[in-house]
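To start, the structure itself, in structure tokens.
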Amino acid sequence: MKIGILSSGGDCPGINAAIRGVGKTAMMHYGMEVIGIHNGFTGLLNNEIEVFNERSLSGILNLGGTILGTSREKPFKKLLHSDKPEKANIIRENYDALGLDCLVCIGGNGTQKTASKLAAIGLNVIGIPKTIDNDIWGTDITFGFDTAVNIATEAIDRLHSTASSHKRVMVVEVMGHQAGWIALHAGMAGGADVILLPELGFDMEAVNNAITKRAQQGKPYSIVVVAEGIEVPDKKRTAVHITKAIEKATGIESRETVLGYIQRGGSPSPFDRNLATRLGGKAAELIAQKDFGKMVCITGNKISSIPLSEVAGKLKLVTATDDLVKQGLKMGISFGHE
Ligand code: F6P
């Protein structure tokens, strides 16, 4: 059998571990031919390919990013006023011309949705979930998330000393798109006093009261962790908006830090390396069994698979009943409500 592997959407630590996992297992355990497709679906449109051999996949386990490159190409996005064959048809033609038996798509929600649509027009497809956001339906956790939480937590740890020295409020903005998973896990691990999540909303007055109350209790500094997806007037200045509102209302000097792309950089954590490797191996197994149209996943620490059609278009979001939310509330951590 001959398979093609691509990575699509935002990069994250662990993609190379997944490429290595599916590629090496396919070649060494199942005797398959493996080609790498560069730059996500753009590469399949333009036949930007590389024939892999074992050496191609050596020394990449601990590398951040993706050796294949990525793009945010959405081949099913309607081309306005175009009479050209849809990009998806070009992809199908190139998939056939390459003689592929399966296309492995490593990516987030958008990628899995595209993978599901490619399966629906007749391609053999396997999805491998990846994102620091941890918001993909059908899997307990995605690789990239653990590394991002480690990075964000270390940053928050470092902010305690400067906040304490200056008796300031430090507001930290983390990524996560529409989900609050990174903010919740890094906020709780980093000992934040206030954690604001898109899923739970927030009342600015309640946030200010929580910080004022801490000051009155002799706790002169606070750490506030906000997810980038919370509702503020200007989405591009989330942390600035919250910081200014706090300083204005409480009179306490406040400063913001936006972690941004640092959360997606560098070497994957050991957990992410092994999760990506396990998922890659499962993908190769499904291909060998000709069990296509699936996304590999982990549920209850068991590696499994779920139909792509059940994943496409859904998001996995934080709920008020999440254990960490309930535990935080019991310890007086504010989630933005009285
Ligand atoms: O999906 C991963 C992610 O880092 C999100 O957390 C973030 O909102 C988005 O990608 C940023 O997208 P881009 O890399 O296109 O700026």
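Both ligands and their constituent atoms are indexed starting at 1 by order of listing.
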Do [X] and [Y] come within less than 4.5 Å of each other through their side chains, counting heavy atoms only?
X	Y	result
L100	L123	no
I128	I5	no
F202	V226	no

What residue and heavy atom of the protein are closest to [atom], and at what distance?
atom	result
atom 3 (C) of ligand 1	R264 NH1, 3.4 Å
atom 6 (O) of ligand 1	D133 OD1, 2.7 Å
atom 12 (O) of ligand 1	R72 NH2, 3.1 Å
atom 16 (O) of ligand 1	Y261 OH, 2.4 Å

Which of the atoms of ligand 1 are close to [X], meaning less than 4.0 Å from one of its heavy atoms?
X	value
M175	4 (O), 6 (O)
G176	6 (O)
E228	5 (C), 6 (O), 7 (C), 8 (O)
H177	6 (O), 8 (O)

Might you confirm whether atom CZ of R255 has over 12 heavy atoms from other residues, nucleotides or ligands at distances under 6.0 Å?
->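 It does: R255 CZ has more than 12 such atoms within range.
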Would E228 and K235 pass as an ion pair if we require N to O under 4.0 Å?
->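 No.
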Are any of the side-chain nitrogens in E285 or K282 under 4.0 Å away from the carboxylate oxygens of its partner?
->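 Salt bridge present between E285 and K282.
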